[in-house]
Participant: 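For reference, the structure I am asking about is given below.
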Amino acid sequence: MAPLLTLLMLLCAVRGALLYHPIWKPMWPASKVPVVLPQLTEDLDAPEFTAEAKLEVTSPCGPECHKRALVPSYEELKERLSYETLYFNGSLTQTNVGIYGLNVAELARTQGTKGRSRAKRQIYGHDSRFSIFGKDFLLNYPFSTSVKVSTGCTGTLVAERHVLTAAHCVHDGKSYVKGAKKLKVGFLKPRQKEESSNQTRSHLSEKMKFQWIRVKRTHVPKGWIKGNANDIGMDYDYALLELKKPHKRRYMKIGVSPTAKQLPAGRIHFSGYDNDRWGNLVYRFCKNFTE
């Protein structure tokens, strides 16, 4: 359900961002999904920025817990997909949404029953990560879509001004993290020859550096804010960052993930800035054996 919820949130918050670009050929399987649109936005009290950024989170709700999860009602879905927006000046709003194209009758029939069963996900093998070096790779698609969030997390470019990241990078479920008010997104670029590299912390940073762009708006779903302490929060652990200016790079196309059998080579691919390899873009992949 998480990929669908991520897509719905993006459709709601981006509001017109180009999810399909003429230079790309369609790659995602055709899927009909409900559309989420904003209905009412209201001002909230100024938020506090007291939380510490947690770069890794775990959920007490494992696979068996998710199997027992109840199917949410239509009203619960609307509440969880509604979102808060944090502005760069520190103000805060809440936007309530409407969901269109959802089979409410079918949802009502399944209400009170168990949710869709989720089989256990496993990753096999040793640590197969490797760092990506060289501007020919780092500055070109697809690795160029991975960016650094100033709170320490990784983000992915999903539109001309928008970055998808994890909600826990900006909000701990109770409060916004200390760096969320002045949030920035870092883009790797070549280091100028005249700049000294004596104080660099990695082989990569001797050749590359981050160019930072301020975040104009940060969207966080209410499902994360209200559900962080229970078994629904992890399904809404995403945030959408809107930059103050376009990044001028090619970005990832958004879609609904295919089934395990349709994945090329049956693999899921990841890239990001891991904390144990400071400054390096790290790539890895894993086999997907079950849904």
Side-chain angles (χ1 to χ4, degrees), residues 1-19 33-51 72-102 104 107 149 151 153 155-177 179-185 213-230 232-246 251 254 256:
M1 187 176 183
L4 172 60
L5 296 176
T6 301
L7 176 61
L8 294 177
M9 180 63 181
L10 286 169
L11 290 173
C12 179
V14 174
R15 299 174 66 180
L18 297 178
L19 299 183
V33 297
V35 176
V36 177
L37 295 175
Q39 288 187 327
L40 175 66
T41 298
E42 54 187 359
D43 294 329
L44 298 178
D45 294 335
E48 296 182 353
F49 301 90
T50 58
S73 67
Y74 175 70
E75 293 300 323
E76 287 173 333
L77 275 179
K78 287 204 304 180
E79 181 180 13
R80 296 174 189 177
L81 292 175
S82 297
Y83 55 92
E84 287 188 0
T85 299
L86 174 66
Y87 296 81
F88 71 97
N89 63 1
S91 60
L92 187 68
T93 62
Q94 176 177 310
T95 300
N96 297 325
V97 303
I99 306 176
Y100 304 91
L102 181 67
V104 180
L107 192 65
V149 180
T151 53
C153 292
T156 301
L157 303 178
V158 292
E160 292 180 351
R161 289 177 179 260
H162 293 83
V163 176
L164 182 65
T165 189
H168 68 258
C169 297
V170 295
H171 198 292
D172 73 347
K174 297 180 180 179
S175 173
Y176 285 89
V177 303
K181 186 175 181 180
K182 297 182 179 180
L183 200 61
K184 297 181 293 183
V185 172
I213 299 179
R214 280 289 305 273
V215 173
K216 181 179 180 180
R217 286 188 282 257
T218 301
H219 307 284
V220 182
K222 299 296 289 185
W224 170 257
I225 296 173
K226 293 187 175 181
N228 178 256
N230 57 44
I232 71 166
M234 296 300 289
D235 281 343
Y236 301 86
D237 187 11
Y238 57 88
L240 192 66
L241 315 180
E242 181 182 348
L243 304 176
K244 278 193 170 184
K245 62 180 182 180
Y251 50 83
I254 296 297
V256 177

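Note that the coordinates shown come from a computational prediction; the quantities given were computed from them, not determined experimentally.
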Participant: Between atom OH of Tyr238 and atom OH of Tyr83, what is the distance when rounded to the nearest 0.5 Å?
Facilitator: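 Nearest 0.5 Å value for the OH-OH distance: 11.0 Å.
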
Participant: Excluding sequence neighbours, so at least two apart, what forms side-chain hydrogen bond (donor to acceptor under 3.5 Å, both in side chains) with Lys181?
Facilitator: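 With sequence neighbours excluded, Lys181 shows a side-chain hydrogen bond (donor to acceptor under 3.5 Å, both in side chains) to no residue whatsoever.
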
Participant: If you define the side chain from C-beta out and look only at heavy atoms, does anything of Leu37 sit under 4.5 Å from Val97?
Facilitator: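 No, too far: nothing below the 4.5 Å cut-off.
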
Participant: For Glu79 and Glu76, indicate whether the former's side chain and the latter's backbone hold a donor-acceptor pair under 3.5 Å.
Facilitator: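 Flag not set: sc Glu79 to bb Glu76 has no pair under 3.5 Å.
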
Participant: Looking at side-chain heavy atoms only, is the closest gap between Leu92 and Glu84 below 4.5 Å?
Facilitator: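 SC-SC contact between Leu92 and Glu84 confirmed.
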
Participant: May I ask you to decide if Glu48's main-chain N or O and Ser175's side chain share a donor-acceptor pair within less than 3.5 Å?
Facilitator: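 Confirmed, Ser175 side chain pairs with Glu48 backbone.
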
Participant: Which heavy-atom pair separates Val220 from Ala239 by the least distance, and what is that distance?
Facilitator: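 That closest heavy-atom pairing would be CG2-CB, 4.3 Å.
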
Participant: Can you give me the closest heavy-atom contact between Tyr236 and Trp224, atom names plus distance?
Facilitator: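 Distance-wise, the nearest heavy atoms are O-CB, 3.2 Å.
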
Participant: Could you check if a side-chain atom of His162 sits within less than 4.5 angstrom of a side-chain atom of Tyr251, using non-hydrogen atoms only?
Facilitator: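 No, every pair of side-chain atoms sits at 4.5 Å or beyond.
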
Participant: Hey, what's the ring geometry for His171 with Tyr176, parallel, tilted or perpendicular (30° and 60° as the breaks)?
Facilitator: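 Because their plane-to-plane angle is over 60°, the rings of His171 and Tyr176 count as perpendicular.
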
Participant: Using the ring of Phe88 (Phe, Tyr or Trp, six-membered ring only), decide whether Lys244 places NZ or CZ under 6.0 Å from its centre and within 45 degrees of its axis.
Facilitator: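 Cation-pi check for Lys244 and Phe88: passes.
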
Participant: Are any of the side-chain heavy atoms of Thr218 and Leu240 separated by less than 4.5 Å?
Facilitator: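 Result no, sub-4.5 Å side-chain heavy-atom pair not found.
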
Participant: Side chains of Arg80 and Pro72: closer than 4.5 Å at any heavy-atom pair?
Facilitator: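 When only atoms from C-beta onward are counted, Pro72 and Arg80 do touch, with a gap below 4.5 Å.
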
Participant: Only counting residues at least two apart or in another chain, list the ones meeting side-chain contact (heavy atoms from CB on, under 4.5 Å) with Lys182.
Facilitator: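 By the side-chain contact (heavy atoms from CB on, under 4.5 Å) rule, Lys182 matches Arg214.
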
Participant: Determine whether the side chains of Lys78 and Gln39 contain a donor N or O and an acceptor N or O closer than 3.5 Å.
Facilitator: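 No - no donor-acceptor pair under 3.5 Å links their side chains.
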
Participant: Within this structure, what is the NE2-OG1 distance for the pair His219 and Thr85, rounded to the nearest 0.5 Å?
Facilitator: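 His219 atom NE2 to Thr85 atom OG1 measures 4.5 Å (nearest 0.5 Å).
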
Participant: Which pairs pass salt bridge (charged side-chain N to carboxylate O under 4.0 Å, His left out) with one or both residues in residues 34-47, sequence neighbours excluded?
Facilitator: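 Output for this query is empty, none listed.
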
Participant: Does any part of the side chain of Val33, heavy atoms only, come nearer than 4.5 Å to the side chain of Val256, both counted from C-beta?
Facilitator: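 A side-chain contact exists here, since the closest heavy-atom pair is under 4.5 Å.
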
Participant: If the test is side chain to side chain contact (heavy atoms under 4.5 Å, CB included), which one of Lys216, Glu242, Arg217 qualifies with Tyr87?
Facilitator: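 Among Lys216, Glu242, Arg217, the one that satisfies the side chain to side chain contact (heavy atoms under 4.5 Å, CB included) with Tyr87 is Arg217.
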
Participant: So do the side chains of Gln94 and Asn96 get within less than 4.5 Å of each other, counting heavy atoms only?
Facilitator: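 Sidechains of Asn96 and Gln94: in contact.
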
Participant: What I'd like to find out is whether the side chain of Thr151 reaches to under 4.5 Å of the side chain of Thr165, using heavy atoms alone.
Facilitator: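 A side-chain contact is absent here, since even the closest heavy-atom pair is not under 4.5 Å.
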
Participant: Could you walk me through whether Leu44 and Thr93 satisfy the side-chain contact (heavy atoms from CB on, under 4.5 Å) test, starting with their C-alpha distance in whole Å, then the side-chain angles of each, then the deciding distance to 0.1 Å, before giving a yes or no?
Facilitator: CA-CA 5 Å; Leu44 298 178; Thr93 62; 5.7 Å; no

Participant: For Leu241, run the side chain to side chain contact (heavy atoms under 4.5 Å, CB included) check against Ile213, Leu86, Leu183 and tell me which one passes.
Facilitator: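 Single pass found, and it is Leu183.
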
Participant: To the nearest 0.5 angstrom, please state how far the CD1 atom of Ile225 sits from the NZ atom of Lys174.
Facilitator: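 It comes to 13.5 Å.
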
Participant: With side-chain contact (heavy atoms from CB on, under 4.5 Å) as the criterion, how do Val163 and Thr156 come out once you've worked through the C-alpha distance, each side chain's angles and the decisive distance to 0.1 Å?
Facilitator: CA-CA 5 Å; Val163 176; Thr156 301; 5.8 Å; no

Participant: Examine distances only and state if a side-chain atom of Asp237 and a backbone atom of Ala167 form a donor-acceptor pair shorter than 3.5 Å.
Facilitator: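 Yes: the side chain of Asp237 pairs with the backbone of Ala167.
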
